[in-house]
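Chain identifiers are assigned alphabetically (A, B, ...) following the order of the sequence lines, protein sequences preceding nucleic acid strands; residue numbering begins at 1 within each chain.
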Amino acid sequence: MSHTDRVVVLVDMDCFYCQVEENLNLSLKGKPLAVVQYNAWKGGGIIAVNYAARDRGVTRHMRGDEAKQKCPEIELVQVPNVRGKADLTKYREAGKLVANVLQSFTGLLERASVDEAYLDITEAVAQRRDSSKGEIQLNQIKNTHVAASTNMDFLYNLYSSGLCDENNLKLAYGAVIVEEIRAAVFEQTGYTCSAGIAHNKILAKLACGLNKPNKQTILTNDNVQQLFENLPVQKIRSLGGKFGASLSEDLGVATMGELSKVSEKELRKRYDEKTASFLFNIARGIDLEPVKTRLVSKSIGCCKTFPGKNALLTAESITHWVHELAEEISERLQKDFEENNRKAKQISIVFSQEVNGKDVSNSRVHPLTSHDVEKIAQDTFGVIKKNCMKPNGSFCVKYLGIHASKFEECRKVNAITSFFKVGVAKNERNSVVETKPEDNVLDSTVELDENSSDLIFLNEKDVDGNASKDSISNEIRTEQSDKKESFFLQYFENLRKSKSPVKRDFNTSRILEESVEEEAMPGTSTTEDAEVCEECSESIPVSEMATHKDFHFALKLNQEESLNRKTVAATTTKNKDSGIKPKKRKSHDMPHNSLTKFLKNNYADESIGNVRLCSECNRNIPENEFASHLDYHMAKRIHLEMNPVKSAPISEKNAINSAKKGKKGKTSSGSSKNLTAFFKPVS
DNA sequence: CATTGTCGAAAA
DNA sequence: TTTTCGACA
């Protein structure tokens, strides 16, 4: 086990926010561009600058006005303002998109920020080495640089000099793979990125910054010393701030080369064990920190500053802004729950206030038991009031923040029930928590057919553009499928019309089921009138009866379909035509007789007017169709849950990896567990 | 008045 | 648990 065993990659999107804006408004491409938040004061604060603008001397930390001075033709795009504050949703969504592409190459991926991720591709490199025949050619690393060397020398030393270094060979294969990764990112998202390839995270990060944009850089171990000779210590991650500065000062070292000459003893004298060994190692290019598997953030927060005369002085202004923040965090937590099947158990309320001329900042934690905006807002205000209100009832708050953390995975509920009751399916790709045994237990309302590979929503070319190799062909699509699709369409139509949000139990997330049961109990019914359902004899509120009937309808469809599928499976290989009805469709009163057609009709043409980028499939969707489009993705997830497939929809590479690792994870009856197993750390 | 808004990690 | 630091758009 050596510190050079791993192949670690850092992928960093080029001026990410600018790219996001350019891709949303193609007329911006090629022009100098900066993204600013707010613009009332001196043209707003610049938070991203594209390379055309950098060439003209525009930098971050400038105000919009200064940028205009430097470069009059610069385009300044504003971060959207929602609820009175900058809203970064767009960029988070774009970041997710990228992360999902990266994840298709390895589950051993650690998202470091909205636009950066570390990948450990040691496994993939080993496989590529095994399967590759000849030598790596120059044209396989066209967009690659080698730090402190050249591609020619690098390959020459690998193959022609008799000096072939095992470690460098691994990095070379790493670079070949990263070329592919970056190409995939561009192909699937339209964004360019840069990358660093090295044996550890710190060096990968460093390497990445050496050649930008849209380039990648190998930093071999034997080029570290040369690179470090004149490298300011501040360039090393975690040494860019106060500590790095004090270190430079205290040890009298400006470069990493100088740091490497400081004795271990000297370091231990000045710093604690951990810090000393970190410094000693990194000065030699050694960093043992592993790449962790984390695709989703550990906390979700929002905040706003109120500088100078904007300070909040009254209870009214405080409650106003607390409300705005509570709304945002509630919305984001709810979305996160739907995507990741988890709920935060704690919020921390951060605030700073002016106390006799000085800004003092504090934070307090508070249990989080609901996504309800009012509840969050009231709790938060309570904390602020308690800590910030002066005797005369006034305030002087200059900063407010709410951050949710301590996420816990929610119990999984029966798939079809959860669809109708919660309307949510867990997105397993974003799971980070090891699945508990109970999570895999599905209530047996519907018998799940393990052999099911019928992906109703995944035809030969599904909306994601992925070939769904396991899907049955169109010929054997059943009428049932068509009915079901129509049903889903209708269901979502109804769902949108009846805006009434479903009640959910916050802790179990299966509320609907329980709340319906509760409402069915005599004496506990709400003020609303109820009717007895003919199918199940339960008492159902009138307003929910239509949905409830849909539930029974879908239940039947699913059962019938399950049976049909078995017939199909038994007969298709011999005679495709036997066993099921031809796919002749009756369109009767339904507006569209298949979801595919529906989507084609609605989304195939070029979009006009306002569009939104769908983070799931990276398509520009007309704004007014967006809700419907999201419903489609939800339906697909739900369908996949109801009809688990054996092969997970991820790259073959991962499937092979997983198979190689063997053992547990293969016994699951559903796709969920398999997917979870794929993305566990190698340990 | 003034970068701002988010994240993660670790010290205190 | 609270505060501080470092990072990045």
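Within 6.0 Å of the CD atom in A/Glu229, the count of heavy atoms belonging to other residues, nucleotides or ligands does not exceed 12. Residue A/Lys90 places its NZ atom among more than 12 non-hydrogen atoms of other residues, nucleotides or ligands, all under 6.0 Å distant. The environment of CD in A/Glu73 is crowded: more than 12 heavy-atom neighbours from other residues, nucleotides or ligands sit within 6.0 Å.
Here A/Lys205 lies in heavy-atom contact (under 4.0 Å) with sugar-phosphate atoms only. At the heavy-atom level, A/Phe16 lies under 4.0 Å from the strands shown only through sugar-phosphate atoms. Among the atoms of the strands shown, none is found under 4.0 Å from any heavy atom of A/Val114.
One donor-acceptor pair, N or O on each side, does fall under 3.5 Å between the base of C/dA9 and the side chain of A/Arg60.
A/Lys335 and A/Glu338 are not joined by a salt bridge, as no carboxylate oxygen comes within less than 4.0 angstrom of a charged side-chain nitrogen.
Phosphate proximity of C/dT3 to A/Ser363: present, with a side-chain N or O under 4.0 Å from OP1 or OP2. At the phosphate of B/dC7, neither OP1 nor OP2 sits under 4.0 Å from any side-chain N or O atom of A/Arg294. A sub-4.0 Å separation between OP1 or OP2 of C/dC5 and a side-chain N or O of A/Lys242 is present. At the phosphate of C/dT1, OP1 or OP2 sits under 4.0 Å from a side-chain N or O atom of A/Gln346. The shortest distance between the side-chain N/O atoms of A/Asn362 and the OP1/OP2 oxygens of C/dT3 is below 4.0 Å. Side-chain N/O atoms of A/Ser113 include none lying less than 4.0 angstrom from OP1 or OP2 on C/dA9.
Per the geometry, OH belonging to A/Tyr118 stands 10 Å off P belonging to C/dA7, to the nearest Å. Here C/dC8 presents its P atom at 19 Å from CG of A/Asn50, a figure rounded to the nearest Å. Distance A/Arg111 CZ to C/dC8 C1': 13 Å, rounded to the nearest Å. Taking atom CD of A/Gln353 as the reference point, atom P of C/dT3 lies 11 Å away to the nearest angstrom. For the pair A/Arg237 CZ and B/dA9 C1', the interatomic distance rounds to 10 Å; values are reported in whole Å. In this entry the distance linking CD of A/Glu116 with C1' of B/dC7 reads 11 Å, nearest Å. A straight line from CG of A/Leu33 to P of C/dA9 spans 15 Å, rounded to a whole angstrom. One atom, CG of A/Leu239, and another, P of C/dC8, lie 12 Å apart when rounded to the nearest Å.
A pairwise comparison of heavy atoms in A/Ala198 and A/Ala204 identifies CB-N, 3.6 Å as the closest pair. In terms of heavy-atom proximity, A/Ser361 sits nearest to A/Ser352 at CB-CB, 3.5 Å.
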Under 3.5 Å, N/O pairs linking protein and nucleotides 10-12 of chain B:
none

Could you list, one pair per line, each protein nitrogen or oxygen that sits under 3.5 Å from a nitrogen or oxygen of nucleotides 4-6 of chain B, together with the distance?
residue: B/dT4; atom: O4'; partner: A/Gln37; partner atom: NE2; Å: 3.2
residue: B/dT4; atom: O2; partner: A/Gln37; partner atom: NE2; Å: 2.3
residue: B/dG5; atom: OP1; partner: A/Tyr38; partner atom: OH; Å: 2.7
residue: B/dG5; atom: OP2; partner: A/Thr305; partner atom: N; Å: 2.8
residue: B/dG5; atom: OP2; partner: A/Thr305; partner atom: OG1; Å: 3.0
residue: B/dT6; atom: OP1; partner: A/Arg92; partner atom: NH2; Å: 2.9
residue: B/dT6; atom: OP2; partner: A/Lys85; partner atom: NZ; Å: 2.4
residue: B/dT6; atom: OP2; partner: A/Cys303; partner atom: N; Å: 3.1
residue: B/dT6; atom: OP2; partner: A/Cys303; partner atom: O; Å: 3.3
residue: B/dT6; atom: O5'; partner: A/Gly301; partner atom: O; Å: 3.4

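In this structure, A/Phe243 and A/Tyr271 have perpendicular ring planes: the angle between them is above 60°, well past the 30° mark.
A/Val79 has its side chain within reach of A/Ile47: a pair of non-hydrogen atoms, C-beta onward, lies under 4.5 Å apart. Side-chain contact between A/Met389 and A/Phe395 is present, with at least one heavy-atom pair separated by less than 4.5 Å.
A/Arg364 pairs in a side-chain contact (heavy atoms from CB on, under 4.5 Å) with only one of the listed residues (A/Ile347, A/Val383, A/Ile384), which is A/Val383.
Toward the 5′ end of DNA chain B lies the nearest nucleotide of A/Gly308, the other residue of the pair A/Ser297 and A/Gly308 mapping further downstream.
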- Kindly indicate, with the supporting measurements, whether the criterion ring-ring contact (aromatic ring centres under 6.0 Å, His included) is fulfilled by A/Phe16 and A/Tyr91. CA-CA 8 Å; A/Phe16 189 45; A/Tyr91 314 111; 7.3 Å; no

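With B/dG8, C/dA9, B/dC1 as the choices, the nucleotide that has an atom nearest any side-chain atom of A/Ser299 turns out to be B/dG8.
Between the P atoms of C/dA9 and B/dA2, the separation comes to 25 Å (whole Å).
Between A/Trp41 and B/dA2, a base-stacking contact is recorded: ring centres under 5.5 Å apart, planes less than 30° from parallel.
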